[in-house]
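Working notes, structure below.
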Amino acid sequence: MSKILKNTVITLLILTLGISTVFLAYLHFFAPAHGEPSGEWEAELAMTEQAAVMAYGWLQDIEAVSVPLEELETHMQGLSVRVELILEPAGHLQGAFRSNVLPESYDACNRAAYEAFAAVFRGIVAKRLYLAGYRGSTDREAVEALVTETFGMSTVDYLMSYGPALLPSLEELQALYGGAGTYKAEEGILVRQFDGGAAEAREERYIRGDTDLILYGEADSGDAGFLGQPYPLAYTLRQPENQPKND
């Protein structure tokens, strides 16, 4: 990975950590925690920055027409993968949990990432055709037809087959965020103890809001904040249908 790409990743991580720290401080001092945390929770792993950085690095490697990272992020806005967490009580403020990265959410996000990248890639092809002296049509349909004729597949399929891996694999995400074990809640903190399986045996600590669980550290990492996880993680309690959310 080039020095520019490494610096970009570090900058994005620092910005994300800064925003997350402010949010955690708010929850710690102002957001109350109430009662038994059992129920169905869900989180969204934001993938826009990940996908944009991987696409940007690949374009640099193949020496394509320069595309700013910000343009890639604009095309890839809203990419996320859903994680489901179920807390089942087995006593006062304690019980068992299971969490899972939803495969259908991953597949949809992965497809959306490549479709967004394909739009940028077609623009790059159009620029290269123009620079090479081509004076035919370079609109979306014309470029797509040229790509299909050249590679025998659509732009999206070509990038998925021969381009960069825009997202971590589903197995990698399951290893980080899937798993099962036990939980215990007290004094505004929820602790999850993983028992191995999809995820390594470990202990995670969360700040409890009214309907939020915010990961702030692992017990064996000196509460190092989000540095132990690639993506800041916040679970929201799934509300029953037709029941309004708490203000």
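- Taking each heavy atom of Y235 and A43 in turn, the nearest pair found is CD2-CB, 3.6 Å.
- Taken to the nearest 0.5 Å, the CG atom of L170 stands 9.5 Å off from the CG atom of L102.
- Using a 30° and 60° split on the angle between ring planes, W58 and F117 fall in the perpendicular class, above 60°.
- Looking at I189 and I207, their side chains come closer than 4.5 Å, going by heavy atoms from C-beta outward.
- A52 and L72 get closest at one heavy-atom pair: O-CD1, 3.7 Å.
- For the pair E42/V83, no side-chain contact is recorded, criterion being any heavy-atom separation below 4.5 Å from C-beta on.
- Interatomic distance, CD of E49 versus CE of M76, reported as 12.5 Å (0.5 Å rounding).
- Here the side chains of H75 and V67 are not in contact, with every heavy-atom distance at 4.5 Å or above.
- Sorted by first then second residue, the salt bridge (charged side-chain N to carboxylate O under 4.0 Å, His left out) pairs that include residues 97-126, not counting sequence neighbours, are E88-R98, R111-E115, R111-D157, R122-E144.
- Between the side chain of T48 and the main chain of E73, no donor-acceptor pair closer than 3.5 Å is present.
- Under a hydrophobic clustering in which Ile, Leu, Val, Met, Phe, Trp and Tyr are joined whenever their side-chain heavy atoms come within less than 4.5 Å, directly or via other members, L93 and L190 fall into different clusters.
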Can you list the steps and then say if V81 with Q50 is a side-chain contact (heavy atoms from CB on, under 4.5 Å)?
-> CA-CA 12 Å; V81 175; Q50 159 81 25; over 6 Å; no

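- Criterion: ILVMFWY side-chain heavy atoms under 4.5 Å apart, direct or through other members. Under it, L233 and I86 are not part of a common hydrophobic cluster.
- For the atom pair OG (S105) and CD (E44), the distance works out to 6.0 Å, reported to the nearest 0.5 Å.
- Between Y183 and F97, the ring centre distance reaches or exceeds 6.0 Å.
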Would you be so kind as to tabulate the donor-acceptor pairs closer than 3.5 Å made by side chains of residues 123-130, with sequence neighbours excluded?
| from | atom 1 | to | atom 2 | distance (Å) |
| --- | --- | --- | --- | --- |
| R128 | NH2 | E63 | O | 2.5 |

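- Nearest approach of P37 to L87, heavy atoms of both residues: O-CD1, 3.2 Å.
- Evaluation of the side chain to side chain contact (heavy atoms under 4.5 Å, CB included) rule for L131 yields no partner, not counting sequence neighbours.
- Nearest heavy atom pair, residue L159 against residue Y114, reads O-CE2, 3.5 Å.
- The two residues R208 and A185 make their nearest non-hydrogen contact at NH1-CB, 3.7 Å.
- For the atom pair Y177 OH and N100 CG, the distance stands at 14.0 Å (nearest 0.5 Å).
- For the pair S154 and V147, the tightest heavy-atom approach, listed with the atom from each and the gap, is C-CG1, 4.3 Å.
- With values rounded to the nearest 0.5 angstrom, Y56 atom OH is found 11.0 Å from D61 atom CG.
- For the pair F151 and Y162, the minimum side-chain heavy-atom distance is 4.5 Å or more.
- Judged by distance alone, with hydrogens and angles left aside, the side-chain atoms of E71 form no donor-acceptor pair with the main-chain N or O of P68 at under 3.5 Å.
- Residues Q193 and K184 form no side-chain contact, since every pair of their non-hydrogen atoms from C-beta on lies 4.5 Å or further apart.
- Side chains of R82 and C109 form no contact here, defined as non-hydrogen atoms less than 4.5 Å apart.
- Within the 4.5 Å cutoff, no side-chain heavy atoms of I214 are placed close to those of Y206.
- Distance check, rounded to the nearest 0.5 Å: CH2 of W41 to OG of S99 gives 14.0 Å.
- Taking 4.5 Å as the limit, every side-chain heavy atom of L166 sits out of range of all side-chain heavy atoms of L79.
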